[in-house]
Amino acid sequence: MERQISATKAYEESEDIGRNPSENATLGDVISARFSRRDLLKGALAATAISATVSPMALAIAEKAQAQGTTPTFSFKEVTAGIDEKHHIAEGYDADILIRWGDPIFADGAEFDPQAQTAEKQLRQFGYNNDFLGYFPIDGSNRGLLVANHEYTTEELMFPGLGMQDTKEADFKGMTKDLVDIEMAAHGGSVIEVQRQNGKWSVVPNSRYARRITADTPMEITGPAAGHDRMKTKADPAGKQVLGMLNNCAGGVTPWGTWVTCEENINGYFWGKLADDHPEARNHKRYGVPGNRYAWGKWHERFDFAKEPNEANRFGWIVEIDPFDPNSTPKKRTAMGRFKHEGAAGITNKDGRYVVYSGDDERFEYIYKFVTRGTVNPNDRQANMDLLAEGTLYVGKYNEDGTGEWLPLVHGQGPLTEANGFRSQADVVIEARRAADLLGATKMDRPEDVEANPKTNKVYAMLTNNDRRKPDQVNAANPRPENKFGHIVEMTPDDQDHAGTKFRWEILVRCGDPSVATVGATFSSATTKDGWFGMPDNCAVDNMGRLWITTDGNSGVTTGRSDGVWAMETEGELRGTSRHFFRCPTGAEMCGPIFTPDDETMFVAVQHPGEDGQDWPAFGRASTFDDPSTRWPDFKAGMPPRPAIVAITKQGGGKIGV
């Protein structure tokens, strides 16, 4: 049958077009030039050899490696790869539902009733499509604050009676102002207090820290773009305050206890058309604005392009929030640049400056880092509260010899001058993508999460995929004309200096099924048939320095398995070995993950369960509220699938994965 996709999936695929018109080198070009013909041949033969040994021989090889003295970092029995309506966890572990979309987080919050949902109720309830999670200790690993991003909404799964044809762009025939207002209230983020008692986690009722942040929450604009003419609107003639944050994907947690959350695909919220000769036309085209994904512009003037062409410039930023003060004003940190931020994971450099890494999540976009001007004061939290307001933004260039450079996006340096349309640093950060184009940054295959390992000082970049790679860009070292499964790049800063401008890089693993030689995957031969994955998305480094990876895009159509959590060996003879730890229900993406300080709990976010029911062959048709492919996690008649946070613990206690 003809493959059907949801309105949300259609939008996501439209975001994967790649809007980078520059002639900058792609990572594939760099890899190709880096190796000689003989090296490339070795790479092809190595890939074939690996693919020949995985699957039936994998366990025997793993046992042999251990007998030779190679000890795995991870010791758990893997989950069987597959796809069904439930979630699955490694043997010996519990995966408990902590909180779901619609659960009240305030004392006066209404219990969830999907047949009678309102915006007023949603404002007091946990939001939709939880993505990034951050944990802030109050009592070590037993009590703390958990923050969650609410990235986007899937209308046909949220609201009764809607089919995909009712929520498509241009039509929106099933959408009303009431439904739009619920959507806006379901975006943003949540702060909840959680506690562990007798080994089990629960939400603390009536917590003084509880908070909902939405598409209407007042926020302060800080940094070089604050007050600039391009940030001013009729509602905000000063250009210093904006309502809400949109499409918040991943993020980070700072050493001074703030939550940094990242606006990603903001273009879809704006609709209309801007004249080609409008001063913002080139800028908006580079970001895909307007995307016409949501009907918000029908009832909210600020999302109507013709009426507020500057409003889109006020989104696409990193937002810093103090979770310990529910009355604090979130701050959009414009010094960190405007693009489709996947995450903002940071590390304190050896000189005390804070360094934040971030990927621009679209095909052929770039990897960035931001280095603060000031240094972290570990003894004075308040002294750090505006560290992210000032610093230098850099973009990555990956050289043929395995070295790399961080190129500064600073007004007046190189091509970032008035002659090229940059009159100030405000113009540079508002148009960070175009600035990076002119600097000659390397075009990457959908850069998503980028995380630094404080134990090793290595940095890991998740590159989800790029099936728009042309055949003439293919080479034996990067042998996929359509990179459907992605790969992971490992970077090491020179002299262990994250604030420096030089680094070395290599590919940790190319993803996909290693048993299919044409895929060209390079997992270790100790990886089992359940251990490989495609489409790496988010990652986390636990407190022991081990790498955990979550995925987005595995399905019955692409890999025959669900998304989930995998543990990845990064050192020693087992480097490149992956083990399957958690499996999502059908249609869901795996987000998070985050650990408590004692590594005895992993929190993960199951996002959009039930989306695209055709991905599960047993269902085979589009999934809607009235006919979903799964009713996870409630499995009750009349209850839709609900995004939720899951708390994973080891039965009997102990560290995760050990």
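FYI, the numbering just counts along the sequence from 1.
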Next on the checklist: Rounded at 0.5 Å granularity, tell me how far CG in D449 sits from SG in C249.
Outcome noted: 8.5 Å
Checklist entry - Can R293 be said to sit on top of W271's aromatic six-ring, NZ or CZ under 6.0 Å from centre and within 45° of the ring axis? => result no
Next on the checklist: Can you see whether D181 engages H300 through a side-chain donor-acceptor pair at a distance of less than 3.5 angstrom?
Outcome noted: yes
Checklist entry - Is the closest side-chain heavy-atom distance between K200 and D94 below 4.5 Å? => result yes
Item to check | Exercise: identify the closest heavy-atom pair between P454 and I347 | outcome: CA-CD1, 3.9 Å
Checklist entry - Is it true that K340 and E362 make a salt bridge, defined as a side-chain N closer than 4.0 Å to a carboxylate O? => result yes
Checklist entry - When the aromatic ring centroids of F136 and W259 are compared, is their separation below 6.0 Å? => result no
Next on the checklist: Can a donor-acceptor pair be found, under 3.5 Å and without considering hydrogens, that links the side chain of T550 to the backbone of G564?
Outcome noted: no
Item to check | Pair D513-K529, salt bridge (charged side-chain N to carboxylate O under 4.0 Å, His left out): steps then yes or no | outcome: CA-CA 8 Å; D513 186 350; K529 60 183 176 59; over 6 Å; no
Checklist entry - How about M462 and T551: do any of their side-chain heavy atoms sit closer than 4.5 Å? => result no
Checklist outcome for this item: In this structure, OG1 of T586 is separated from CD1 of I83 (nearest 0.5 Å) by 4.0 Å
Checklist entry - Under the side-chain contact (heavy atoms from CB on, under 4.5 Å) criterion, do L98 and V203 qualify, and how do the steps go? => result CA-CA 7 Å; L98 179 69; V203 178; 4.2 Å; yes
Next on the checklist: Between R642 and D103 (salt bridge meaning N to carboxylate O under 4.0 Å), is one present in this structure?
Outcome noted: yes
Next on the checklist: Run the side chain to side chain donor-acceptor pair (under 3.5 Å) test on W296 and E183 for me, step by step, so that the C-alpha distance in whole Å, both residues' side-chain angles and the decisive distance to 0.1 Å come before the verdict.
Outcome noted: CA-CA 9 Å; W296 296 9; E183 284 190 290; 3.3 Å; yes
Item to check | Nearest non-hydrogen partners of Y135 and N142, listed with the distance | outcome: OH-N, 4.0 Å
Checklist entry - More than 12 foreign heavy atoms under 6.0 Å from CD of E91: is that the case here? => result no
Checklist entry - Looking only at heavy atoms, which two atoms of W566 and S578 are closest? And how far apart? => result CD1-OG, 3.3 Å
Checklist entry - Can you check whether G610's main-chain N or O pairs, donor with acceptor, with S623's side chain at less than 3.5 Å? => result yes
Checklist entry - Quick one: CZ on F595 to CE on M602, what's the gap to the nearest 0.5 Å? => result 3.0 Å
Checklist entry - With distance as the sole test, does Q195 use its side chain to make a donor-acceptor pair with the main-chain N or O of V204 at under 3.5 Å? => result no
Item to check | Within 45° cone of F315 ring axis and under 6.0 Å: K332 NZ or CZ | outcome: yes
Checklist entry - Just by modelled atom types, is the G657 backbone N or O under 3.5 Å from a matching donor or acceptor in the Y93 side chain? => result yes
Next on the checklist: Restricting to non-hydrogen atoms, name the atom on D530 and the atom on V79 that form the minimum distance, rounded to 0.1 Å.
Outcome noted: CB-O, 3.5 Å
Next on the checklist: I'd like to know whether the aromatic ring centres of Y128 and H187 sit less than 6.0 Å apart in this structure.
Outcome noted: no
Next on the checklist: Can you tell me which residue among D131, L463, N554, D552 is in a side chain to side chain contact (heavy atoms under 4.5 Å, CB included) with D537?
Outcome noted: D552
Checklist entry - Just checking, is any N or O donor in the side chain of Y460 or N453 under 3.5 Å from an acceptor N or O on the other one? => result no
Item to check | S207 and E193: CA distance, side-chain angles, deciding distance, side chain to side chain donor-acceptor pair (under 3.5 Å) verdict | outcome: CA-CA 6 Å; S207 171; E193 186 176 351; 2.5 Å; yes
Next on the checklist: Checking the side chain of E78 only, and the main-chain atoms of H580 only, is there a donor and an acceptor separated by less than 3.5 Å?
Outcome noted: yes
Next on the checklist: If you define the side chain from C-beta out and look only at heavy atoms, does anything of C584 sit under 4.5 Å from W632?
Outcome noted: no
Checklist entry - Considering only heavy atoms from C-beta outward, does the side chain of P114 approach that of M639 to under 4.5 Å? => result yes
Next on the checklist: Over 60° means perpendicular and under 30° means parallel, so tell me whether F126 and H150 are parallel, tilted or perpendicular.
Outcome noted: perpendicular
Next on the checklist: So does A185 get a backbone contact from the side chain of Q122, meaning a donor-acceptor N/O pair under 3.5 Å?
Outcome noted: no
Item to check | E220 vs Q241, side chain to side chain donor-acceptor pair (under 3.5 Å): CA-CA, chis, key distance, verdict | outcome: CA-CA 5 Å; E220 180 186 351; Q241 186 182 73; over 6 Å; no
Checklist entry - Is any side-chain heavy atom of I321 closer than 4.5 Å to a side-chain heavy atom of I213? => result yes
Next on the checklist: With a 3.5 Å distance limit and no angle check, can you tell me whether T261 reaches the backbone of G251 through a side-chain donor-acceptor pair?
Outcome noted: no
Checklist entry - Can you tell if the side chain of N292 reaches within under 4.5 Å of the side chain of P290, non-hydrogen atoms only? => result yes
Next on the checklist: With a 3.5 Å distance limit and no angle check, can you tell me whether T214 reaches the backbone of D216 through a side-chain donor-acceptor pair?
Outcome noted: yes
Checklist outcome for this item: Interatomic distance, CZ@F112 vs CG@D634, rounded to 0.5 Å, equals 8.5 Å
Checklist entry - Would you say R212's side chain and G189's backbone share a donor-acceptor pair under 3.5 angstrom? => result yes
Next on the checklist: Check this for me: does any side-chain nitrogen of one of D322 and K331 sit under 4.0 Å from a carboxylate oxygen of the other?
Outcome noted: no
Item to check | I549 and V565: CA distance, side-chain angles, deciding distance, side-chain contact (heavy atoms from CB on, under 4.5 Å) verdict | outcome: CA-CA 6 Å; I549 294 164; V565 180; over 6 Å; no
Item to check | Closest contact, heavy atoms only, A588 versus P609 | outcome: CB-CA, 3.7 Å
Next on the checklist: Looking at T596, is its backbone amide N or carbonyl O close enough to the side chain of N543 to form a donor-acceptor pair, meaning the two atoms are under 3.5 Å apart?
Outcome noted: yes
Checklist entry - Where does the angle between the aromatic ring planes of F270 and F303 fall among parallel (under 30°), tilted (30 to 60°) and perpendicular (over 60°)? => result tilted
Next on the checklist: If the threshold is 4.0 Å, N to carboxylate O, is there a salt bridge linking D598 and K655?
Outcome noted: no
Next on the checklist: Quick check: do L179 and L162 have side-chain heavy atoms less than 4.5 Å from each other?
Outcome noted: yes
Checklist entry - What is the minimum heavy-atom distance between V260 and L388, and which atoms define it? => result CG1-CD1, 3.6 Å
Checklist outcome for this item: side chain to side chain contact (heavy atoms under 4.5 Å, CB included) with T464: of R446, R363, K484, E342, only one passes, and it is R446
Checklist entry - How about H608 and P643: do any of their side-chain heavy atoms sit closer than 4.5 Å? => result no
Next on the checklist: For a side-chain contact (heavy atoms from CB on, under 4.5 Å) check, start with the C-alpha distance between M568 and F533, then their side-chain angles and the critical distance, and finish with the verdict.
Outcome noted: CA-CA 11 Å; M568 173 65 74; F533 58 84; 3.9 Å; yes
Checklist entry - Can you list the steps and then say if N129 with T154 is a side-chain contact (heavy atoms from CB on, under 4.5 Å)? => result CA-CA 8 Å; N129 270 344; T154 311; 3.5 Å; yes
Checklist entry - Is R579 close enough and on-axis enough to F76, meaning under 6.0 Å and within 45°, for cation-pi? => result yes
Checklist entry - How long is the gap from CG on N247 to CD1 on I266, to the nearest 0.5 Å? => result 8.5 Å
Checklist entry - Under a 4.0 Å N-O cut-off, is there an ion pair linking R546 with D599? => result no
Item to check | Salt-bridge criterion met for R583 and D563 (N-O under 4.0 Å) | outcome: no
Item to check | Ring centres under 6.0 angstrom apart (W548, F74) | outcome: yes
